[in-house]
Each structure stands twice: as C-alpha cells, then as structure tokens.
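Notes follow the structure.
Chain letters run A, B, ... following the sequence lines, proteins first, then strands; residues in each count from 1.
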Protein chains: 2
Amino acid sequence: MTKTSSNKNGKISTKEKIFDVSVDLFSKKGFDAVSIREIAREVGIRESSIYNHYPSKETILNVIFQYFKKELTKMRPPEAVNIEKLTPDIFRERVHLTHMLFRTPTMEKIFKIIINEQFKNEKARKIVLHNLIEEPHKFTEKVLDNMNQRGIIRPLDPKIMAVEFQYPIFSLFMEYLLLKSNNLNTEDVETRLKSHVDFFLSVITPEVEK
Amino acid sequence: MTKTSSNKNGKISTKEKIFDVSVDLFSKKGFDAVSIREIAREVGIRESSIYNHYPSKETILNVIFQYFKKELTKMRPPEAVNIEKLTPDIFRERVHLTHMLFRTPTMEKIFKIIINEQFKNEKARKIVLHNLIEEPHKFTEKVLDNMNQRGIIRPLDPKIMAVEFQYPIFSLFMEYLLLKSNNLNTEDVETRLKSHVDFFLSVITPEVEK
DNA sequence: GTCTATAGCTAGATAGAC
DNA sequence: GTCTATCTAGCTATAGAC
C-alpha cells in the first residue's frame with residue numbers, strides 16, 4: 001500500500017502519503033485529471049501544504065517514475081550473474097519475477113500511469129521503450145546467444161527468438177491489467193502466459209537422443 | 001488528413017474540421033489536456049460554435065471511437081470469406097492489411113488516443129480488449145483450427161499458436177508508434193515484424209516429404 | 001510543516017444577438 | 001451556424017501568519 005511501507009520510525013510521513021495517494025489517483029484518472037486539491041483532500045491536508053514536500057505536480061510524477069525505475073532494477077539479475085551457467089529455466093524464473101514485482105499494487109498502478117502517459121510524456125515513453133521493451137529483450141537475446149554457443153538449445157536465431165519470447169509477455173501483461181480494470185476474469189490470460197512459456201521452452205529445447 | 005477527406009460537395013465541413021483537429025490534439029496532448037477553446041482556435045471558430053456540432057467534449061471523443069471501430073471492420077475479411085480455402089498466406093496478408101490501415105495518419109492518431117485513455121475510459125478499454133486483442137486472436141485461432149483439420153499445417157494447438165502469432169504483433173506495433181513519437185528509427189522494429197511472421201510460418205508449415 | 005487567503009488563470013458550457 | 005458576453009467552477013502556485 002505504501003512506497004516503502006514506512007520510514008525508520010515505522011510511521012508513514014506526509015511525503016510518503018502524498019506519493020501513495022498520487023500514485024493511486026493518477027493511475028485511476030490520469031495525471032491531467034487529478035488536481036493538487038484532490039491529492040491534498042485525500043491526504044488530509046490543504047493544497048498549499050503539498051508544496052512543502054514537492055515543488056510542483058509535475059515533480060510528483062517524476063518522483064513516481066524514478067521509483068518505478070529503481071524497483072525495476074531490483075528485479076533484474078545482478079551484473080555478476082554467471083551467464084555461462086544459465087539454463088533454460090531462467091525464462092520461467094524471469095516471468096515469475098516479473099509477475100511478483102507487478103503484483104505489488106504500487107508497481108501495478110505506476111505501470112498504468114506510464115502506459116497512460118507514454119504518448120504525451122517523453123519520460124514515460126522512454127521508460128516503456130528502454131526499461132520495459134528494449135532491456136528485457138536485449139537480455140533475452142544475450143542469454144539465448146550464449147546458450148546457443150554452449151549448444152544447450154536448438155540452433156535458432158537469438159534475435160528472432162528473443163522477440164518470440166519477450167513480446168507476447170508484454171501484450172499479455174497489458175491485457176491482464178485491462179481485464180482487472182474491467183473486473184473481468186484473468187484466469188484465461190494467465191493460462192495463456194503459462195502456455196506461452198511452455199511452448200517457447202519446447203521450441204528451444206533440443207530433441208532428446210535415445 | 002481528414003476523416004472522410006470531404007463530403008459530397010468536395011468541401012470539408014466545420015464538423016469534419018472539428019473532428020480532424022480533435023483527433024490531432026487529443027493524440028498529442030491527451031483528451032484532458034485539450035480544451036474546447038484550443039480546438040476552436042485551431043478550427044478557426046469560437047468555442048461556443050463547437051456546441052452547434054457536438055453537444056460536449058466527451059461526445060467528440062465518442063464519435064472518434066465510433067469512427068475507429070467502423071474503419072476496423074473495413075479491414076476485416078467479410079463473414080462470407082471462405083475459411084475452407086484459406087492458406088497460410090492469410091497471415092502475411094493480415095499483417096499487411098493492418099499495417100496499411102494504421103499507416104493512415106487518422107487511424108494512427110486514434111490508436112494513440114485509445115492507448116492513452118484505456119485505463120481511465122471504459123469505452124477505450126473495451127476497444128483495446130475486444131477489437132484490438134480478442135477479435136483478431138479469435139479469428140486467428142479459428143483459421144488455425146480449420147487448417148489443422150484440413151491437415152495443411154503441423155498439428156499444433158490453435159489456442160497456443162494464436163497467441164504466438166497475434167500477441168507479438170500488438171507489442172511490435174506499439175513499439176513502432178513509440179519510436180515514431182520519439183523521432184527514432186523504426187527500421188529495426190519493422191524487420192522484427194517481418195522476421196516474426198516468417199518464423200511463425202516456418203513453425204506451422206509441415207516438413208516437405210522428398 | 002501546517003494553515004488561511006488569494007492571485008491569476010483556464011476550463012466547459014449557455015444565452016441570446018445577428 | 002457563427003458571434004459576443006458571461007456564468008460558474010475549477011486549476012496551480014504563492015504570501016505570509018502561526
């Protein structure tokens with residue numbers, strides 16, 4: 001429910017409350033449709049008090065974006081990860097990690113905000129392009145290329161297979177959030193995600209010699 | 001540049017101008033950030049005159065959504081299409097048709113508006129879910145199932161293969177529009193789209209007996 | 001760090017003349 | 001079908017008291 005849950009005193013500061021309320025309202029109504037007044041009302045202070053914590057409405061949005069990027073890096077395997085020892089299980093793990101991260105309400109809401117703003121806000125656009133599309137794609141490509149060289153998967157083009165693995169996941173995740181927003185059943189799309197990963201693994205797995 | 005280019009007199013009516021300008025501004029700034037005043041200024045009339053053509057700002061948006069849905073049906077093969085005679089070429093054709101339709105500036109702009117509004121506007125959300133995701137997916141599934149029964153493709157699960165074909169296209173198309181919005185090169189993503197279709201066809205095509 | 005008060009502006013929509 | 005004029009309401013942000 002909260003950004004960092006609490007500070008060192010176990011209390012949620014006004015600044016954190018403003019952050020949480022903003023994330024919630026922006027994700028539901030869109031940045032432009034939310035007023036400082038509304039945020040203040042929800043937090044329980046006057047609108048002028050907001051400016052003691054954030055110099056502008058735009059700044060609140062940028063802080064939200066920064067938080068999102070920071071959390072994303074937590075999900076990523078550290079640079080030290082030994083790519084030489086990875087097995088195809090990494091693909092299942094990555095999907096699982098992504099699922100876990102975006103199951104936190106705050107990250108789910110910020111994802112919506114970013115999708116909402118992507119065509120009008122350059123920072124949001126760059127997050128989608130760089131952090132949500134390019135980076136996972138490049139990592140997948142690198143891993144597949146390495147597995148190819150080690151001969152533990154079928155000799156398929158890593159450039160193509162990275163698209164085949166990564167791109168459906170992005171669409172499926174967006175569909176998942178849209179269904180949830182409409183209070184519709186998401187079981188079907190979760191099944192599709194599982195089937196997709198299974199199918200991908202079956203395609204890259206070499207035939208067993210008997 | 002215009003909705004229907006012109007009416008029967010070859011002239012663009014004020015109503016059409018309002019439509020075109022609204023599509024343009026909404027796609028660039030988002031619905032909430034555009035004022036009736038701004039639309040009127042761009043059209044060359046006073047804001048009160050807008051209300052002679054559309055009863056509210058919300059109505060303009062809904063008319064835009066209706067137009068989008070109407071154009072989408074044009075792309076779709078008529079119900080009369082003989083599914084029994086389809087060959088795997090249909091997949092290439094569908095991608096081509098989609099590409100053509102969304103290359104028209106108006107459709108591209110409305111697509112952006114819909115993506116922008118999807119989490120805050122139920123009509124936009126339903127268009128994404130129903131017209132952009134579910135409908136193409138179900139059609140692909142039906143076609144694959146029929147080809148399966150006729151034995152002209154490999155015996156793969158149509159439910160899974162429909163995801164494998166359709167979902168990457170949605171992501172790739174969004175990436176394409178984001179890159180264009182950022183004035184970045186789209187060659188790479190277009191190549192990926194082609195490779196994806198080629199790969200998909202190679203997967204479903206049965207091995208040739210020699 | 002919160003408040004009251006307010007400046008300065010913009011919004012969507014309507015009334016009624018022409 | 002366009003205009004001027006205006007209503008009512010909302011907005012971001014600031015000044016300054018406590």
Side-chain angles (χ1 to χ4, degrees), chain A residues 2-4 6-65 113 116-117 120-121 123-124, chain B residues 2-4 6-65 113 116-117 120-121 123-124:
Chain A
T2 67
K3 184 183 169 187
T4 45
S6 58
N7 60 24
K8 56 186 171 183
N9 300 319
K11 288 198 176 186
I12 301 164
S13 68
T14 302
K15 189 165 187 172
E16 285 169 329
K17 274 189 211 158
I18 295 169
F19 179 96
D20 291 339
V21 167
S22 298
V23 165
D24 189 59
L25 292 175
F26 291 166
S27 73
K28 282 179 189 150
K29 303 179 153 198
F31 178 74
D32 291 312
V34 176
S35 64
I36 292 278
R37 236 162 258 192
E38 197 177 356
I39 296 168
R41 196 187 313 128
E42 202 74 18
V43 171
I45 53 173
R46 299 289 176 174
E47 60 255 40
S48 57
S49 303
I50 300 275
Y51 294 94
N52 278 312
H53 304 281
Y54 298 94
S56 69
K57 192 183 154 191
E58 190 76 27
T59 305
I60 301 178
L61 185 64
N62 290 335
V63 170
I64 291 171
F65 288 163
I113 297 171
N116 279 343
E117 302 299 316
K120 44 193 181 187
N121 182 304
K123 280 179 180 144
Chain B
T2 68
K3 183 185 171 186
T4 47
S6 58
N7 60 22
K8 56 185 172 182
N9 301 319
K11 286 197 173 183
I12 301 164
S13 69
T14 301
K15 189 166 187 172
E16 284 170 328
K17 271 188 213 160
I18 295 169
F19 179 95
D20 291 340
V21 166
S22 298
V23 165
D24 189 59
L25 293 175
F26 290 165
S27 73
K28 281 178 188 151
K29 304 179 154 196
F31 177 75
D32 291 314
V34 176
S35 64
I36 291 280
R37 241 159 251 193
E38 195 177 358
I39 296 168
R41 197 188 311 128
E42 200 75 17
V43 171
I45 53 174
R46 297 290 176 173
E47 59 256 39
S48 57
S49 303
I50 300 273
Y51 294 93
N52 279 311
H53 303 282
Y54 298 93
S56 71
K57 193 184 155 191
E58 190 77 27
T59 305
I60 302 177
L61 184 65
N62 289 334
V63 169
I64 290 170
F65 288 162
I113 297 170
N116 279 342
E117 302 298 318
K120 43 192 180 183
N121 181 305
K123 280 177 181 146

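Looking at heavy-atom distances under 4.0 Å, B:Val34 makes contact with sugar-phosphate atoms alone, never a base. If you check every strand for non-hydrogen atoms under 4.0 Å, B:Ser48 touches a base. Using a 4.0 Å heavy-atom cutoff across all strands shown, A:Ser56 reaches sugar-phosphate atoms only and no base atom.
With salt bridges taken as basic N to acidic carboxylate O contacts below 4.0 Å, none links A:Glu42 and A:Lys17.
Under 3.5 Å, the side chain of B:Ser49 and the base of D:dC3 form no donor-acceptor pair of N or O atoms. For B:Arg37 and C:dG12, a side-chain-to-base donor-acceptor distance below 3.5 Å is present, hydrogens and geometry of angles not being considered.
Between A:Lys57 atom NZ and C:dC9 atom C1' the separation is 15 Å, expressed in whole Å. The CZ atom of A:Phe31 sits 13 Å away from the P atom of D:dC11 (whole-angstrom rounding). Across the protein-nucleic acid pair, B:Ile36 atom CD1 and C:dT10 atom C1' stand 13 Å apart, rounded to whole Å. Rounded to whole Å, the distance from CD1 on B:Ile39 to P on C:dA13 is 10 Å. Between A:Glu47 atom CD and C:dA7 atom P the separation is 15 Å, expressed in whole Å. Rounding to whole angstrom units, CG of residue A:Asp32 and C1' of C:dT10 are separated by 14 Å.
Considering only heavy atoms from C-beta on, A:Phe65 comes within 4.5 Å of A:Asn121 through its side chain. Between B:Tyr54 and B:Ile18 there is a side-chain heavy-atom pair separated by less than 4.5 Å. Here the side chains of B:Lys120 and A:Lys29 are not in contact, with every heavy-atom distance at 4.5 Å or above.
Of the side-chain N and O atoms in B:Ser35, one or more sit less than 4.0 angstrom from OP1 or OP2 of C:dA11. Between A:Arg46 and C:dT4 there is a side-chain N or O to OP1 or OP2 distance below 4.0 Å.
The side chain of B:Tyr51 approaches C:dA13 more closely than any other nucleotide in the set D:dG1, D:dC3, C:dA13.
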